[in-house]
Amino acid sequence: AVRPPHGGPGAGFCPGTACRPGGREWPLLPYSPVRTLSQATPSWTGTELIWWGRDMTGGPNHAAAFDLQRQRWRQLPVGPLHGREDPVVVWTGTEMLVYGGYPLDADPNEGAAYNPATNVWRALPPSGLTERELGATVWTGKLLVVWSGEGAGNGPPAPSDGAAYNPTTRAWRILPR
């Protein structure tokens, strides 16, 4: 189990803690190379825990991966997404998919995929969905399904649409209501 890193400028930064299964202690993790991460969203790859989140200084999103065995961080390249809170994040078995969320200065329906084997990000195609944050999400083993959620920011009402993204074909399909 891992407690996420948190904090921000002027508030200090907690590097997070980790507890091995059956363990009773939560030792501090080493400090992350990304010190201004906020609204961090984790994804477990099987060997690393990837933290992806908004830069508290107003810059682009940043990510870092923590290897629990080696107790080491590595900084990931900056991805194609802009700052946002509460995105959808799933692990496909080969990629971390990030979609939606409350944008600070960007399109709320943009998404990206990160492949840790190649250390490369790529943008997802437009989904055609209504703006949302905190969408209900399921990884089916083949598809990322996004449904409902809250209207992004103080704007639109809660969306009632959904779509499925297929990483193999790199295409979205709007689902019937």
Side-chain angles (χ1 to χ4, degrees), residues 1-6 15-18 29-56 59-104 106-129 131-149 152 162-173:
V2 175
R3 291 181 183 155
H6 62 279
T17 57
L29 299 178
Y31 277 92
S32 162
V34 180
R35 304 253 172 144
T36 58
L37 210 55
S38 173
Q39 302 292 331
T41 307
S43 186
W44 175 247
T45 70
T47 57
E48 292 182 314
L49 191 61
I50 300 173
W51 293 100
W52 180 89
R54 169 170 76 89
D55 184 326
M56 290 288 292
N61 281 309
H62 291 286
F66 185 72
D67 183 320
L68 286 171
Q69 280 298 108
R70 295 185 180 124
Q71 294 287 297
R72 286 190 212 145
W73 287 98
R74 66 183 179 94
Q75 187 162 355
L76 306 184
V78 174
L81 298 178
H82 291 88
R84 66 195 60 236
E85 296 175 0
D86 302 319
V88 164
V89 175
V90 298
W91 176 250
T92 70
T94 57
E95 292 182 313
M96 177 178 73
L97 302 179
V98 180
Y99 171 77
Y102 174 60
L104 301 176
D107 179 358
N109 285 324
E110 65 184 356
Y114 171 72
N115 184 324
T118 61
N119 200 34
V120 172
W121 286 93
R122 66 179 171 80
L124 298 184
S127 69
L129 288 171
E131 294 180 11
R132 75 196 61 228
E133 60 183 293
L134 299 171
T137 309
V138 170
W139 172 249
T140 69
K142 293 184 181 182
L143 302 171
L144 163 64
V145 177
V146 179
W147 194 271
S148 190
Y165 175 73
N166 184 328
T168 303
T169 63
R170 298 186 178 183
W172 287 94
R173 177 174 49 96

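Keep in mind the model is a prediction, meaning the values are calculated, not measured.
Between Pro42 and Leu49, the closest heavy-atom pair is CB-CD1, 4.1 Å. In this structure, Ala112 and Trp121 approach most closely via the heavy-atom pair CB-CE3, 3.8 Å. The two residues Val98 and Val89 make their nearest non-hydrogen contact at CG2-CG2, 4.1 Å. Taking all atoms of both residues into account, the shortest heavy-atom contact from Trp73 to Ala64 is CE3-CB, 3.6 Å.
Residues satisfying the salt bridge (Lys or Arg N to Asp or Glu O under 4.0 Å) test with Arg170, not counting sequence neighbours, are none. Not counting sequence neighbours, the partners of Trp139 by the side-chain contact (heavy atoms from CB on, under 4.5 Å) test are Val90, Thr92, Leu97, Leu144, Pro167. Not counting sequence neighbours, the partners of Asp67 by the side chain to side chain donor-acceptor pair (under 3.5 Å) test are Arg70. With sequence neighbours left out, Asn119 forms a side-chain contact (heavy atoms from CB on, under 4.5 Å) with Arg74, Leu76, Pro77, Tyr114. In this view, Pro125 and Tyr165, Trp172 satisfy the side-chain contact (heavy atoms from CB on, under 4.5 Å) rule, not counting sequence neighbours. Taking Thr45 as the reference, Thr47, Glu48, Ile50, Trp91, Pro116 meet the side-chain contact (heavy atoms from CB on, under 4.5 Å) condition, with sequence neighbours excluded.
Among pairs with a residue in residues 111-124, those fulfilling salt bridge (Lys or Arg N to Asp or Glu O under 4.0 Å) read Glu95-Arg122, at least two apart in sequence or across chains.
In this structure, the side chains of Leu129 and Tyr99 come closer than 4.5 Å at one or more pairs of heavy atoms.
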